[in-house]
Amino acid sequence: MSLFESIKGPRDLDSLSYEELNTLCLELREYLVSAVARTGGHLGPNLGVVETTVAIHRVFDSPNDPIIFDTGHQSYVHKLLTGRNDLSSLRQKGGISGYPDRAESVHDVVESSHASSSLSWADGIAKSFRLTGQDDRYVVAVIGDGALTGGMAWEALNNITDDNDRKLVIVVNDNGRSYAPTIGGLARYLTKIRTDTRYKRAYRFSRKVLSKFGWIGNLVWLTARGAGKGLITAATPTGMFPNLDIKYIGPVDGHDLKAMEQALQQAKRYSSPVIVHAITQKGHGFDPAMLHEDDQFHAVGQIDPTTGESLEPKGGASWTSVFAEEIVTIADKREDVVGITGAMLIPVGLDSFAKKYPNRVFDVGIAEQHAVTSAAGMAFGGLHPVVAVYATFINRGFDQVLMDVALHKAGVTFVLDRAGITGPDGPSHHGMWDLALLQIVPGIRIAAPRDSERLREELNEAVAVNDAPTVLRFPKGVAGASIDAIRRLEDGVDVLFESAAKDVLIVAVGPMAAMALSVSQLLAAQGIGSTVIDPRWVVPVPKSIINLAAQHRLVVSIEDGVKVGGVGTRIRQDLRAAQIDTALNEIGLPDEFLAAASRGEIFEEIGLTAQNVARDIVAQVLGARVPHAKQLDSDPVSRLSTLD
């Protein structure tokens, strides 16, 4: 049995020698590469925290001492050390989550998958322990992968340093990156610490003191350093946050298990808030990741575990790549167009824009609130900002969209990638709330393209609006085949299909157009006529939809956002305001946190398939035609089961 296979819980680490621990780290790293290569996932971040995570579990007693990972995608090693040593189902339906998950283990305290919240959690938990007399418990926050650039982290630090009477250890996993190299003044300052020769000399000296005199000698040295006395103090800078009253240990080599353990033991003895600054390398120990300059294998699909080459099937152009091409074309024509993103330059497709026009693209770090308000300022100054983020992350900047952009009628375009069901990243990353959230913003205009051609078209229309916020949302994955319209109405609504009989009007939001057309075919087989339309711009509701609704017996809206407060709800309200009593079915996602699975699996599980939608429509339409449906010679609903 390998050492890795023998670890069933954190306390199994206690009896291992440092030689055995180093062997364990090698085995953990090898397992991570082989397992994640099969399933896909966040490989680079976890390769970078192997020794650091082992050291944390050696020094602290999880779950009695809660460990909070920020961001949560760097928690795979933590999972392996806490009884979940099989990652074969990682990020799959019913499998191991790619983030901390309370349902999986008592060792997962915070399901942290949106960045920069760990210090606030840790502050609150530590305060609770103090006030309830749980003085034997420590709280450990591991913050890295750019999460320290987020505003919440700074708010928390301000409060943590206001009260030192808590057992709180902050491990800064400093790898200099989020997806790509971390930006900003803090990043430059941390780089200065990493490269400052005075720190290097002090670090080497502290290692000698530790090896010769143990932690007591090191504590004496740190005391002298903190008091500003002696030659060592004169040679040593003041720490990570010199203007905050918080103890600091480091920088420490995060891949030196013994050094990390000694630093954490020292932090534990302070019994007050302390920062342990660990220098790590993303992708450490896996050459293909280290050589991949763009993101060091931050997140991968299926790959060859030896070469790192992608094994993902080649499909058509992704939604992201279509946007990436079109925004450059627009930028070529309009010098006022600029790009903004939050630590996701490559994932959202702004990297090509940045390479061609480096002075016109701004990566603000994990700081969506700042990104949005900064965009409002740029609009005031005469630019047209395009803020590109994942749909799930616009939630974090909602107040700024409302009060800084919309209230000031700023011409800002928001491009929301990964809208709707995203799949394996689970509940925190499904982009399912943006339609319901954003449509309540006064003056906002929201577009949802059904294919790549419409994405290009609607992006150009969006950036032409200079007196209100505009939104363009699209899902994850391949854009799919183009769906041509039969005709376009005066207000821009596309009619995709229409039959002579006006039984059902199907309003398809964006990529749901393909499903809507399938539903129409199933209805036709049952003798039910339908009209399928793509609004293109779903908010505000185009007037032609109201007019068409009056001509049909039933309206069905299909969207990949939560149906509570979604586009269907907006259409219903507009129908009521126009005194049109046509019945309306709102079909969308339930207001639930949906677990990780593929997009298709989730749609199947929640019943959002062409077959189920058509079945419901048949029951309603034919039930309305015949007062007592049971009098029919045959059951039209059951006949649908034979149709694809």
request  = Mind running side chain to side chain contact (heavy atoms under 4.5 Å, CB included) on Lys543 and Glu490 for me, showing each step along the way?
outcome  = CA-CA 10 Å; Lys543 296 296 183 184; Glu490 289 184 359; over 6 Å; no

inquiry  = Applying side chain to side chain contact (heavy atoms under 4.5 Å, CB included) to Leu584 and Val556, what does each step give before you reach the verdict?
reply    = CA-CA 6 Å; Leu584 186 145; Val556 176; over 6 Å; no

request  = Take His429 and Tyr99 through the ring-ring contact (aromatic ring centres under 6.0 Å, His included) test and state the conclusion after the steps.
outcome  = CA-CA 11 Å; His429 277 55; Tyr99 298 92; 5.2 Å; yes

message = For His114 and Phe393: C-alpha separation, side-chain torsions, deciding distance, then whether ring-ring contact (aromatic ring centres under 6.0 Å, His included) applies.
response = CA-CA 8 Å; His114 284 190; Phe393 295 133; 4.7 Å; yes

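Defined by atom type and a distance below 3.5 Å, a donor-acceptor pair is missing between the side-chain atoms of Gln369 and Asp399. One side chain, His552 or Thr531, offers a donor N or O that lies under 3.5 Å from an acceptor on the other. Under the 3.5 Å distance criterion, with hydrogens and angles disregarded, no donor-acceptor pair is assigned to the side chains of Ser557 and Arg572. In the model, Thr470 has a side-chain atom that pairs as donor or acceptor with a side-chain atom of Thr413 under 3.5 Å. For Glu586 and Thr569, the side-chain atoms include at least one donor-acceptor pair closer than 3.5 Å. With 3.5 Å as the limit, one finds no donor-acceptor pair spanning the side chains of Asp363 and Thr341. Arg418 and Thr320 share a side-chain donor-acceptor pair at under 3.5 Å. No donor-acceptor contact under 3.5 angstrom links the side chains of Thr422 and Asp425, judged on distance only.
Qualifying side chain to side chain donor-acceptor pair (under 3.5 Å) partners for Ser374, counting only residues two or more places apart in sequence or in other chains: none.
The heavy-atom pair separating His430 from Leu594 by the smallest distance is NE2-O, 3.1 Å. Scanning all heavy atoms of the two residues, the minimum distance from Gln439 to Gly566 falls at NE2-O, 2.7 Å. Across all non-hydrogen atoms, the minimal contact from Thr149 to Ile366 is OG1-N, 2.9 Å. Of all heavy-atom pairs between Asp491 and Pro542, the closest is OD2-CB, 3.3 Å. For Thr392 against Ser428, the heavy-atom pair with the smallest separation is OG1-O, 2.6 Å.
The CG atom of Leu522 sits 8.0 Å away from the CD atom of Gln526 when rounded to the nearest 0.5 Å. Here the straight-line distance linking atom OG of Ser530 with atom CG of Leu523 works out to 5.5 Å at 0.5 Å rounding. Atom CG in Asn359 sits 7.5 Å away from atom CZ in Phe362 (nearest 0.5 Å). The distance from atom CD of Glu601 to atom CD of Glu604, rounded to the nearest 0.5 Å, is 9.5 Å. Arg91 contributes atom CZ, which lies 11.5 Å from atom NE2 of His73 (distance to the nearest 0.5 angstrom). For the atom pair CZ (Arg487) and CD1 (Ile533), the distance works out to 10.0 Å, reported to the nearest 0.5 Å.
Checking each of Val386, Leu345, Asp351 against Val361 for a side-chain contact (heavy atoms from CB on, under 4.5 Å) leaves exactly one that passes, namely Leu345. The one candidate from Ile506, Val504, Ile546, Val507 that meets the side-chain contact (heavy atoms from CB on, under 4.5 Å) condition with Val555 is Val507.
Electrostatic pairing of Glu457 and Arg488 counts as a salt bridge here, judged by a charged N lying under 4.0 Å from a carboxylate O.
Within 6.0 Å of atom CD in Glu312, more than 12 heavy atoms from other residues, nucleotides or ligands are found, so the atom counts as buried in its surroundings.
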